[in-house]
Structures are given as C-alpha cells and as structure tokens.
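Here's the structure, in structure tokens; my notes come after.
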Amino acid sequence: MTKLRGRSTGPDGLAALAGVVSAAVVLSVAELIGAFFTSRATPLFALGSTFIDFTPPWMKDFAVTTFGTNDKAALFAGMGLTIAVLACVLGVVAYRNWALGVLGVLFMGAVIVACVVTRAGVGSADAIPSVLGTLAGLVVLRRLVVLLWRLKARPEAPAGTDADPNNQGQSVGTSRRRFFAAAGITAVAAAVTAAGGRLLSAARSNVSQARQALRLPSPAKAAAPVPPGVQSSVPGVTPWLTPNNAFYRIDTALSVPEINVNDWKLRVHGMVEQEVTLTFEDLLDAGLIESHITLTCVSNPVGGDLVGNATWLGLPLRDVLARAKPTGGADMVLSTSVDGFSASTPLEVLQDGRDAMLAIGMNGEPLPLEHGYPVRMVVPGLYGFVSATKWVVDLEVTRFADNKAYWTTRGWSEHGPIKTMARVEVPKSFAKVPAGKVAVGGTAWAQTRGISKVEIQIDNGPWAEATLSAEASTLTWRQWSYEWDATPGPHYIKVRATDGTGQLQTEQRADPVPDGASGWQSVMVTVQ
Ligand SMILES: Nc1nc2c(c(=O)[nH]1)N[C@H]1C(S)=C(S)[C@@H](COP(=O)(O)O)O[C@H]1N2
Ligand SMILES: [Mo]
C-alpha cells in the first residue's frame, strides 16, 4: 500500500497512466463507432496496415520466419506496446503543459486519420470514428489531468509520516483514490466499449452468412481424378490435400476484407482492345474448370510449411484475357485486391494453357473469407506474391517496364517462378527415434515441372532414392517415403529432389528474399 500511496508512484507515473487510459478510450470509441464504417478503417487496423506497407523486406522475412502465420498477432502486440509508450509520454506532457499535450494528442489523431484515409477502398467519411475517438480521448485526458493537478495542489505529507493520521496524507490519499477510481472506471468502460464494437461489427457483417448460403455450380471441366496412392505411406506426413482450415494464410490484410458477391466486380483494362467488367454472376455462368494446384509462399524457408494443396474451382484467366484481347507489347497483368495489394504476373503464363484461374471455390466450398472470398487468382507454378491475389477486383494488362507490384516496390523480385524444393516431415527435426527400421517421409514440389526423383542421404553416406507416391499432376506437390536402417547415435537426414525436366534441386543456400529460399534441407535426429 505504502508503495502506491507513497512517492514511488509520483505524479508523472500517474500522468503516464492517464495517458494510457485516454489512448484506450481513443481506440475503443473508434472501434465502436467504426462498426458502422469500413471495418479496415479503425485506428488499429489502419495503423497496422500502414506499418505493414512500410515494412522492409528483411523485416517481413524476419516476422514470417520468427512468428510464422502468427505474424499478425505479433504486429498487434508490438503496436500495442508502442502506443502504450507514446501514450505514457503524452500523459506526462499533458500534465506538465496542457497546451502541448493537446497538440500532441491532435497530432497523433491526425496521424491516425492520415493512415485511415490513405487505405485502398476507404473513403474520407471513414475518418469519422478516429476523429470522434480522438476527441473522446482528449476529454478523458483532461478530466484525469485535472484530478492530478488537484492532487498536486495539496501540500505533500512530510517524508516518512505516511502512516501518521494527523498529516495531510489523508487528503492526498483521497485525491489519489479519486484519480485511481476515475482511471479504473474509464479503463473498464473502454474495454467494454471495444468489445461491444467488435460484437457489433460482427453482427452487422453478413458476408460470412452469405458465403455459407452460396451454392457453387459444378465445373464444365472437372479436375482429373486423383490417382490412388498420392499420400505417402509414412504416418505423420502432411495430408496430400490440405483442408481449408489448415491451409496456410499469408497476406497484408489485418482485417479480412468483406465483399458482398452482389457488389463484386472485376475490371479488366489497360493494354486491351476491349475493356471488360465481370460480375460474380458472369463467373457462375461461364465455363468453370476445376484443378488440383499446390500454392507456395515465397517466404517459405527451406523445410517450412507455407505451402498447401487444394482443389480450386474457377474461370481460366486465358478465357478472361481472350475477351479483353491484350494488345501487342503487353507482357504483364497487374492484379489488385480491394485492399490495395497487387501482384505482377507474366501475361504469357496466363495464356500458356496451364490452369491459371479466377478461383471462386476451394476444396468444394466457396473460398473462405481469409483465402480471398469471393474471388482470387490462382496460378500454378508461381509464388503467391506474384500471382495469387485474393479479394481481386482489378486486372490491368500492362508491361513490367511500366508498373510494379506491391512486393516488388519493397525489395522483392518482379518474377517468382517456384523453385524445386523437398522437405522431410517424418521424423521431425531433433526427434528421438528407436534404432532399427525408421520410416522417413515428406513432400517435394516443383509446380508445372513435376517431381521425378527424391533422394535421401544419411550423414555423409551415398544418396539413395526414396519411393515416390503417385503424382496427381505436375501442378501439385508429390510425396515420398524411405525406409532407413537406423543405428544408435546422432544422425543427419538430408533430402533433395529432381524436377520433371531432370534438373536437380540446387544445393545453393538462399534466403527467401528476393525470390524464394533454396538449398537442401537437413534434419538432425537422435537414434536411441
Ligand atoms: N489481397 C492479397 N492477396 C494476396 C496476398 C496479400 O497480401 N493480399 N498475399 C499473397 C501471398 S504472398 C501468398 S503466398 C498467397 C497466400 O494465399 P493463402 O493465404 O490463401 O494461402 O496470397 C497472395 N495473395
Ligand atoms: Mo507469399
């Protein structure tokens, strides 16, 4: 008790607390009012998205390697901490010099509003939640600071006499309690307001229900049947077909865009003879195809799991382009999502006959919201960052010389063909296994080229061929298994693949930046 009531929590400490509580009010009020505006326009989402846009490639790479698909949670945590520190400073400034504090708060409010209104697909009216939130925060800050000034106006208790009932500690204590009560009540109110805002926006959004009610047509051209034996015989190897809820998710969207199918439109323009606009209805009525395609993220490290295999339903992009008729000289299609992400895909790849599509279905369901509902691109053989635009709304036929995509302006490559890769999944790295016959298994991929061989090397022994599982198509990954006669001690299992053209996977180690990781994976296991 003495600690709280004594000089250890000086006025600056309390002022910092006032700052944090006021910041919570800014965010929660904006969150609540934001339920009636574009969901991506509340301060936290807008600040976070802006931060992501300015993330240098090494930091994106670090975030994905360190936090994997939890990178967004990590970003929110980091942002929360930064905001808390800034709020402490602003609280102290406001306590010492109110006018300066107000300026600081208004400046922060302006930064938030700037982040909000510069988001793609966000209108200037979307600034309203942030503006009202900032004003509410200012009112609360004023109230708390006034309480602190009153506290300061009282004569200080003489040192070491806190427990003496006859000194002024009583009234200082009362003021303190009043401050803590006000701060506490406001903090609780802010938490309730924020939770209410989240619930309200969830209730107001009906996109998720609309998705559930949506029935997709069957394809005009069904996918080639999956041959038996695509799954590795080794227990514990990844399922050959990745269930939607286990499919990796990578994107810059902090708040998943919510698009109504009735509002969705795709504009195809640029270097075309005929500008084309497609509605969702148009897609449903067109000749849809279905295809098994393995998607891979360029940020996937050697041995990583940012890769998944699904059955996609969609309209071939070559059909879409045939309607628009690209003019000579065009060599790229810049696809843009509703939230401003963009990808540059070579025009020829979209016309060369591979199953590149505007996908609406994933494993027999409409696309899950976080995988691009209602429409995304899927292009076999290219990393997602140059091809797999989710929530896609715009295709511009253009030239690499004239336009740059989202990640290309941030240090990543312009082109992104998928590199041949093999991965050991069983046993896991650093596993302890009993001596004798050990089942080794995993997956390899080289989309559009296929996998013709996977080899295993134990320690520095000879390379031995693994048994390949059946191949569904060259657009999908291929699993493998190998029986290892393990002797006690520590051992290294190394893996490498050869693609369908006979090209051996490169041993050359490369980081994901700028165009994908490479190298042979090696896992260490202990045989007992
Ligand atoms: N709108 C949008 N689409 C996007 C991205 C993005 O950030 N925004 N990321 C791309 C990247 S880098 C990859 S690897 C794939 C991942 O798709 P998935 O999340 O469905 O697995 O989406 C691509 N499409
Ligand atoms: Mo990616």
Side-chain angles (χ1 to χ4, degrees), residues 57 250-251 266-276 278 289 291 293-300 307 312 314-337 340-359 372 375-390 392-421 445-450 473-476 499-501 503 510 512-518:
I250 290 286
D251 53 59
L266 178 80
R267 188 168 160 243
V268 189
H269 62 110
M271 300 173 69
V272 295
E273 279 174 33
Q274 177 66 53
E275 200 171 305
V276 173
L278 291 176
I289 61 164
S291 184
I293 298 167
T294 299
L295 216 66
T296 311
C297 181
V298 69
S299 297
N300 194 41
V307 51
W312 306 92
L315 180 64
L317 274 154
R318 59 175 173 277
D319 294 355
V320 176
L321 290 168
R323 292 194 208 181
K325 301 192 188 69
T327 53
D331 63 2
M332 186 259 269
V333 172
L334 187 73
S335 52
T336 307
S337 71
F341 168 89
S342 59
S344 56
T345 312
L347 179 60
E348 59 170 25
V349 162
L350 302 178
Q351 296 179 311
D352 70 2
R354 69 180 84 181
D355 289 343
M357 62 170 103
L358 285 174
V375 184
R376 75 174 304 168
M377 302 223 318
V378 172
V379 181
L382 302 185
Y383 288 122
F385 83 115
V386 289
S387 68
T389 306
K390 305 191 271 191
V392 65
V393 292
D394 190 282
L395 298 183
E396 181 182 354
V397 179
T398 175
R399 304 189 311 162
F400 277 104
D402 297 339
N403 264 306
K404 298 266 169 279
Y406 186 91
W407 285 116
T408 309
T409 59
R410 289 166 177 78
W412 293 75
S413 172
E414 199 163 65
H415 292 272
I418 295 174
K419 299 178 180 177
T420 304
M421 186 55 68
W445 58 86
Q447 292 93 309
T448 68
R449 303 181 297 278
S473 89
T474 57
L475 310 184
T476 60
D499 73 12
T501 71
Q503 183 71 46
V513 188
D515 62 359
S518 67

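Along the sequence shown, residues are numbered consecutively beginning with 1.
- For Asp402, the side chain to side chain donor-acceptor pair (under 3.5 Å) partners are Arg399, not counting sequence neighbours.
- Residue pairs satisfying the salt bridge (Lys or Arg N to Asp or Glu O under 4.0 Å) criterion with at least one member in residues 323-333, sequence neighbours excluded, are absent.
- With values rounded to the nearest 0.5 angstrom, Leu382 atom CG is found 10.0 Å from Leu295 atom CG.
- The two atoms that bring Met421 and Ala517 nearest to each other are CE-O, 3.5 Å, heavy atoms only.
- Nearest heavy atoms, Pro514 versus Gly411: CB-O, 3.7 Å.
- With sequence neighbours excluded, the residues that form a side chain to side chain donor-acceptor pair (under 3.5 Å) with Glu275 are Arg267.
- By the side chain to side chain donor-acceptor pair (under 3.5 Å) test, Gln503 is found to be paired with no residue, residues two or more places apart in sequence or in another chain being considered.
- With sequence neighbours left out, Ala405 forms a side chain to side chain contact (heavy atoms under 4.5 Å, CB included) with Leu334, Ser342, Ser344, Thr408.
- Taking the side chain to side chain contact (heavy atoms under 4.5 Å, CB included) definition, one finds that Pro316 meets it with Ile289, Arg318, Asp319, sequence neighbours left out.
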Intermediate values then yes/no, side-chain contact (heavy atoms from CB on, under 4.5 Å), Leu317 and Leu358: CA-CA 6 Å; Leu317 274 154; Leu358 285 174; 3.8 Å; yes
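- Among residues two or more places apart in sequence or in another chain, the side chain to side chain donor-acceptor pair (under 3.5 Å) test is passed with Thr327 by none.
- Taking OG1 from Thr409 and CD from Glu414, the interatomic distance works out to 11.5 Å, rounded to the nearest 0.5 Å.
- For the atom pair OG1 of Thr296 and CH2 of Trp445, the computed distance is 6.0 Å after rounding to the nearest 0.5 Å.
- Residues that satisfy the side chain to side chain contact (heavy atoms under 4.5 Å, CB included) test with Val272, not counting sequence neighbours, are Ala324, Val397.
- Judged by distance alone, the side chain of Ser291 and the main-chain N or O of Ile293 form no donor-acceptor pair under 3.5 Å.
- Between Glu396 and Val333, the closest side-chain pair of non-hydrogen atoms is not below 4.5 Å.
- Residues passing the salt bridge (Lys or Arg N to Asp or Glu O under 4.0 Å) test with Asp499 are Arg449, sequence neighbours excluded.
- For the 3.5 Å distance criterion, the side chains of Asp515 and Ser413 fail to qualify, holding no donor opposite an acceptor.
- His415 pairs by the ring-ring contact (aromatic ring centres under 6.0 Å, His included) definition with Phe400, not counting sequence neighbours.
- Taken to the nearest 0.5 Å, the CG atom of Leu475 stands 8.0 Å off from the OG1 atom of Thr294.
- Side-chain N or O atoms of Lys390 include none that pairs as donor or acceptor with a backbone N or O of Asp251 at under 3.5 Å.
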Scan the side chains in residues 345-354 for donor-acceptor partners under 3.5 Å anywhere in the protein, sequence neighbours excluded, and list what turns up.
{"residue": "Thr345", "atom": "OG1", "partner": "Val386", "partner atom": "O", "Å": "2.7"}
{"residue": "Asp352", "atom": "OD1", "partner": "Arg354", "partner atom": "N", "Å": "3.2"}
{"residue": "Asp352", "atom": "OD1", "partner": "Arg354", "partner atom": "NE", "Å": "3.2"}
{"residue": "Asp352", "atom": "OD2", "partner": "Arg354", "partner atom": "NE", "Å": "3.1"}
{"residue": "Asp352", "atom": "OD2", "partner": "Arg354", "partner atom": "NH2", "Å": "3.0"}
{"residue": "Arg354", "atom": "NH1", "partner": "Pro380", "partner atom": "O", "Å": "2.9"}

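- Between the OG atom in Ser337 and the CE atom in Met377 there is a gap of 11.5 Å [rounded to 0.5 Å].
- For Val298, the side chain to side chain contact (heavy atoms under 4.5 Å, CB included) partners two or more places apart in sequence, or in a different chain, are Tyr383, Phe385, Trp412.
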